[in-house]
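Take a look at the structure below.
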Amino acid sequence: MRIYNFEETLPQEKLDELYMKEAFSLAEQAFREDEVPIGAVIVAQNKIIGKGYNLTERLNDVTAHAEMQALTAAANFLGGKYLKDCTLYVTVEPCVMCAGASYWTQVSRIVYGAVDEKRGYTVVAPNILHPKTQIIGGVLEEQCGALMKTFFRSKR
């Protein structure tokens, strides 16, 4: 696994964009593999420690979401189930399942790109996240949303 260490002197907003670009590149990989194009990375101390993209079609597993792949990879990297000082970057707002998983990992921050107006956790279960988890939405929102729209337009 490649580990990135971006300059710590960058403002958090710029770091969020850099890591979201990494998640977006994973979403593009999912798109190329005809998976719903969502990518996710987990960052701890300015290092990517877990990453994933949707694999639901390849694995024939409805739980194989990008966030689940990244959370599992990060927990394995750290050797523990809690991600208290970590940030989850995901290109689309997490669904209820992924938000629930982030609750149990106690991830400190979730940064997402596009809003999921139909199945996002804010629509279905807005109080599902851990109370100490900080949420930041809209990072590279247009880019992330455009990829999703292109994917689903091709399916119609």
Side-chain angles (χ1 to χ4, degrees), residues 1-33 35-56 58-59 61 63-116 119-122 125-148:
M1 173 189 321
R2 291 185 299 170
I3 298 177
Y4 297 88
N5 190 3
F6 292 117
E7 189 64 40
E8 293 182 29
T9 58
L10 290 175
Q12 189 62 55
E13 183 178 297
K14 291 295 181 192
L15 285 172
D16 288 346
E17 287 179 14
L18 284 171
Y19 290 120
M20 186 60 75
K21 287 178 183 177
E22 292 295 322
F24 186 79
S25 71
L26 292 166
E28 290 177 314
Q29 184 173 347
F31 183 88
R32 289 189 299 274
E33 295 179 20
E35 296 276 357
V36 174
I38 299 175
V41 297
I42 306 283
V43 174
Q45 297 176 351
N46 291 320
K47 293 181 180 132
I48 294 177
I49 61 167
K51 59 184 178 176
Y53 61 91
N54 273 359
L55 294 170
T56 58
R58 181 193 307 172
L59 300 178
D61 178 357
T63 68
H65 289 194
E67 300 96 321
M68 302 299 275
Q69 305 300 314
L71 291 168
T72 299
N76 287 335
F77 182 88
L78 294 175
K81 60 186 177 180
Y82 297 114
L83 305 175
K84 290 183 180 181
D85 295 318
C86 298
T87 299
L88 165 63
Y89 291 89
V90 60
T91 56
V92 176
E93 174 188 352
C95 70
V96 172
M97 175 184 69
C98 295
S102 73
Y103 174 92
W104 292 111
T105 66
Q106 299 179 22
V107 69
S108 296
R109 296 175 72 230
I110 298 175
V111 179
Y112 65 86
V115 172
D116 184 343
R119 293 185 179 89
Y121 83 91
T122 55
N127 297 319
I128 198 167
L129 296 177
H130 193 278
K132 293 183 180 178
T133 300
Q134 180 187 11
I135 307 299
I136 294 93
V139 176
L140 302 183
E141 182 174 16
E142 285 185 32
Q143 187 176 349
C144 295
L147 186 61
M148 289 290 284

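Just so you know, these numbers come straight off a predicted model, no measurement behind them.
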- prompt: Under the side chain to side chain contact (heavy atoms under 4.5 Å, CB included) criterion, do Ile48 and Ile42 qualify, and how do the steps go?
  reply: CA-CA 6 Å; Ile48 294 177; Ile42 306 283; over 6 Å; no

Please name the pair of heavy atoms, one in [X] and one in [Y], separated by the smallest distance, quoted to 0.1 Å.
X      : Y     : result
Ala70  : Gly52 : CB-N, 3.9 Å
Cys98  : Met68 : SG-CG, 3.9 Å
Ile49  : Cys86 : CD1-SG, 4.0 Å
Ala30  : Val36 : CB-O, 3.7 Å
Leu140 : Lys21 : CD1-CG, 3.6 Å
Pro94  : Ala99 : CB-N, 4.0 Å

message: Could you walk me through whether Met148 and Val92 satisfy the side chain to side chain contact (heavy atoms under 4.5 Å, CB included) test, starting with their C-alpha distance in whole Å, then the side-chain angles of each, then the deciding distance to 0.1 Å, before giving a yes or no?
response: CA-CA 9 Å; Met148 289 290 284; Val92 176; 3.7 Å; yes

- request: Would you please test Tyr89 and Val43 for side chain to side chain contact (heavy atoms under 4.5 Å, CB included) and show each step?
  value: CA-CA 8 Å; Tyr89 291 89; Val43 174; 3.7 Å; yes

Going by the rule side chain to side chain contact (heavy atoms under 4.5 Å, CB included), which residues pair with [X] if we only count those two or more places apart in sequence or in a different chain?
X      : result
Asn76  : Thr72
Arg119 : Asp116
Ile135 : Ile110, Tyr112, Tyr121, Leu129, Thr133

[X] side, atom [atom1]; [Y] side, atom [atom2] - distance, nearest 0.5 Å:
X      : Y      : atom1 : atom2 : answer
Leu88  : Thr105 : CG    : OG1   : 8.0 Å
Ser25  : Glu22  : OG    : CD    : 5.0 Å
Glu17  : Met20  : CD    : CE    : 9.5 Å
Glu35  : Tyr53  : CD    : OH    : 7.5 Å
Gln106 : Lys132 : CD    : NZ    : 8.0 Å

- prompt: Is a donor on one side and an acceptor on the other found under 3.5 Å between the side chain of Asn54 and the backbone of Thr56?
  reply: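 Pair absent, no side-chain N/O of Asn54 close to backbone of Thr56.
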
task: Mark yes or no for whether Tyr19, through its side chain, and Thr87, through its backbone, hold a donor-acceptor pair below 3.5 Å.
output: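 Judged by distance alone, no pair lies under 3.5 Å.
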
- request: For atom CG of Asp85, decide whether the heavy atoms of other residues, nucleotides or ligands shown that lie under 6.0 angstrom number more than 12.
  value: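 Result for CG/Asp85: open.
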
query: Which residue pairs satisfy the salt bridge (Lys or Arg N to Asp or Glu O under 4.0 Å) criterion with at least one member in residues 87-111, sequence neighbours excluded?
result: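 Non-adjacent pairs meeting salt bridge (Lys or Arg N to Asp or Glu O under 4.0 Å): Asp16-Arg109.
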
field: Within residues 67-76 or reaching into it, pairs that qualify as salt bridge (Lys or Arg N to Asp or Glu O under 4.0 Å) - sequence neighbours excluded
entry: none

query: Should Glu33 and Arg58 count as an ion pair when the cut-off is N to O under 4.0 Å?
result: yes

field: Val41 vs Leu26 side-chain heavy atoms within contact, under 4.5 Å
entry: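 Yes, close enough: below the 4.5 Å cut-off.
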
- request: Could you walk me through whether Gln143 and Phe24 pass the side chain to side chain contact (heavy atoms under 4.5 Å, CB included) test, one step at a time?
  value: CA-CA 8 Å; Gln143 187 176 349; Phe24 186 79; 3.2 Å; yes

- request: Just jot down the ring-ring contact (aromatic ring centres under 6.0 Å, His included) partners of Tyr103, sequence neighbours excluded, or say none.
  value: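 Residues passing ring-ring contact (aromatic ring centres under 6.0 Å, His included) with Tyr103: His130.
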
